[in-house]
Amino acid sequence: MNRTLEIFRQIAPIRRCSHHTQEMAKYIREFATALGFEAWQDQAGNILCRKNPAKLALQAHYDMVCLEEPTSVTLLEENGWLKAVNSTLGADNGIGVAAMMAMMEEFDGVEYLFTADEEVGMLGARKLDLPLRAQKLLNLDTEEAGLLYLGCAGGVEIEGRLRASLAPVPPGWTVVEVELSGLPGGHSGVDIDKPIPNAIQEMAKVLYALEAKIVSFKGGEKINAIPSSARASIAVAADKLSQIPTSWHKHMSEADEVIADSRRLLGFLASFAHGVRAWNHTFNLPEASISLSLVHLGAQECRIELYARAMDVASQRKIADETAIALGSLGFAVIQGGWYDPWKPELSEFASEVLALMRSYYPDAKVAAIHAGLECGLLKERFPSLSIASLGPTIERAHSREERLKIASVGPFEEIVRGVCRRYCD
């Protein structure tokens, strides 16, 4: 067993759900100080460990996605993969943390940056307040062995709010509650180009065709996820009840009022261009996209939340502003937040050297970019002269109970990281 995998097995049971990482932060600090490193922690929870002057930094985030809290991680090996029993595994990004700790046992002349709360909006990287001094940084948070990532999309959250006007339920109409669930869902960045249905839109299209009036409508799970479920309470003409899909859960209900502007709201949801807006042919991935992620329409307030991503700032601003105009035309007050710039791909001298090392283990290794957020973009904003590259072992289905780590990919991953450290510690 290599040292990275050994350490990962040790830290896997430690509680480190986003926003609840104190136990893991303490473990990292104590591990570092026992090896003679100084360990600084800022207000956001980021930890920087340094012993000697360094040209290179390694970086990974130490929080993980938990489907339930508290989580208890029990590991299971299965057909060459490492999984957790009825839990997320936390290899994202615990395996990067483990590799850093393994390198700390060998290399004094490297800085080690452990960032906090990446999984909830990159909060640690956004608020980083630590004296990083290295000129080169290797991020350990990507999930496909043999690829060196040099760029990522920027993102922005778009939220529209509207005070609803109400009207009586039309005479003779029936009120019914409906639910659509069990769609695959997915990541609104890396999965946005896949043929995954959006539950909000699937329901809105049917309700629009039924000329239904909304009592309430709620859909989606997270701002950065493709919705897998939606439910609504609607008023519908009695002769159209039979047109509600038989696959939907439904039961009769009661209500006195509906949203007066139901038709226009359903039309917007049904027709919005959710998905890829432009394609990047250089890296064969989306250039710009937007996800219709969360909807909550009710008597008190109507709220629609979307997540836009793009590989360059101009495209990012364009898609965000166009969406704000569309919402504004319906009377919504619009807020754009959580903005972070893309990490623009650049094959630097540092990246070329890392790629050459990778090709000792993966002869076909190549550079790539990802249509999702990495902390690299925020770190590049904070330290503009920093040269950054990102790599990792193979991880599948992160953030789910099916998350798994390919054990055979961990050895080459460790050796590549060790080779980069050795090169810049000489």
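In this chain, numbering begins with 1 at the start of the sequence shown.
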| Can you name the closest pair of heavy atoms from A369 and L285 and give their distance? | O-CD2, 2.9 Å
| task | Go through the side-chain N and O atoms of Q316 and R309 and say whether any donor and acceptor fall under 3.5 Å apart. | result | no
| message | If I compare all heavy atoms of E301 with all of R161, which pair ends up nearest, and what's the gap? | response | OE1-NH1, 2.7 Å
| query | Using 30° and 60° as the class limits, which term best fits the ring planes of Y27 and F31: parallel, tilted or perpendicular? | reply | parallel
| message | Looking at every heavy atom in both P412 and A408, which two are closest together, and how far apart are they? | response | CD-O, 3.2 Å
| message | Among I11, L82, V410, which residue satisfies the side-chain contact (heavy atoms from CB on, under 4.5 Å) criterion with I95? | response | V410
| field | M103 backbone acceptor or donor facing Y112 side chain under 3.5 Å | value | yes
| query | Any side-chain heavy atom of L5 within less than 4.5 Å of one from L405? | reply | yes
| query | Quick one: does E118's side chain get under 4.5 Å of D141's, heavy atoms only? | reply | yes
| Quick one: side chain to side chain contact (heavy atoms under 4.5 Å, CB included) partners of E157, sequence neighbours excluded? | I223, Y307
| message | Using modelled atom types and a 3.5 Å cut-off, is there a donor and acceptor pairing between side-chain atoms of E414 and backbone atoms of T4? | response | yes
| note | What one should report as the nearest heavy-atom pair of D63 and A116 is OD1-C, 4.1 Å
| What's the shortest heavy-atom distance between E221 and S229, and which atoms? | OE2-OG, 2.6 Å
| said: Tell me whether K83 is salt-bridged to E402, with the criterion being a basic N under 4.0 Å from an acidic carboxylate O. | reply: yes
| task | Determine whether more than 12 heavy atoms belonging to other residues, nucleotides or ligands lie under 6.0 Å from atom NZ of K218. | result | no
| task | Using distance alone, with no hydrogens and no angle criterion, decide if E119 and S18 have a side-chain donor and acceptor under 3.5 Å apart. | result | no
| Any sub-3.5 Å donor-acceptor pair from R303's side-chain atoms to L297's backbone N or O? | no
| said: Could you tell me if W279 and D193 have a donor-acceptor pair between their side chains, going purely by distance under 3.5 Å? | reply: no
| Between D341 and W343, does any side-chain donor sit less than 3.5 Å from a side-chain acceptor? | no
| task | Give, for atom CG of L327 and atom CG of L306, the distance between the pair rounded to the nearest 0.5 Å. | result | 6.0 Å
| Lys/Arg-Asp/Glu bridge criterion (N-O < 4.0 Å) met for E77, R9 | yes
| message | I'd like to know if R133 and E111 make a salt bridge, using a cut-off of under 4.0 Å between side-chain N and carboxylate O. | response | no
| query | Is a salt bridge present between R418 and E106, judged by a nitrogen-to-oxygen distance below 4.0 Å? | reply | yes
| message | Using a strict threshold of under 4.0 Å (side-chain N to carboxylate O), is an ion pair present between K344 and E346? | response | no
| C425: which of N52, V420, V110 passes side-chain contact (heavy atoms from CB on, under 4.5 Å) | V110
| said: Is it the case that the side chain of S329 and the backbone of A326 share a donor-acceptor pair, with hydrogens and angles ignored and the cut-off at 3.5 Å? | reply: yes
| request: Write down the atom of N93, the atom of H61, and the distance for their closest heavy-atom approach. | output: OD1-N, 3.0 Å
| request: Give a yes or no on this: more than 12 heavy atoms of other residues, nucleotides or ligands lie within 6.0 Å of atom CD of E349. | output: no
| query | With no hydrogens and no angle check, is any side-chain donor or acceptor of N280 less than 3.5 Å from a backbone partner on E287? | reply | no
| field | Main-chain N/O of I214 paired with S262 side-chain donor or acceptor, under 3.5 Å | value | yes
| Got a donor-acceptor contact below 3.5 angstrom from the N198 side chain to the L292 backbone? | yes
| query | Would you call R231 and E177 a salt bridge, taking side-chain N to carboxylate O under 4.0 Å as the test? | reply | no
| message | Checking the side chain of S409 only, and the main-chain atoms of T394 only, is there a donor and an acceptor separated by less than 3.5 Å? | response | yes
| remark: From the list I200, I259, V178, side-chain contact (heavy atoms from CB on, under 4.5 Å) partner of F217 resolves to I200
| said: Looking at K194, I want to see if its NZ is surrounded by more than 12 non-hydrogen atoms of other residues, nucleotides or ligands under 6.0 Å. | reply: yes
| request: State whether K51 and D108 are salt-bridged, where the test is any N-O pair (Lys NZ or Arg NE/NH1/NH2 against Asp/Glu carboxylate O) under 4.0 Å. | output: yes
| message | Regarding C66 and C17, I want to know if their SG-SG distance comes in below 2.5 Å, which is how I'm defining a disulfide. | response | yes
| field | Passing option when W40 is tested against I47, L130, N46 for side-chain contact (heavy atoms from CB on, under 4.5 Å) | value | L130
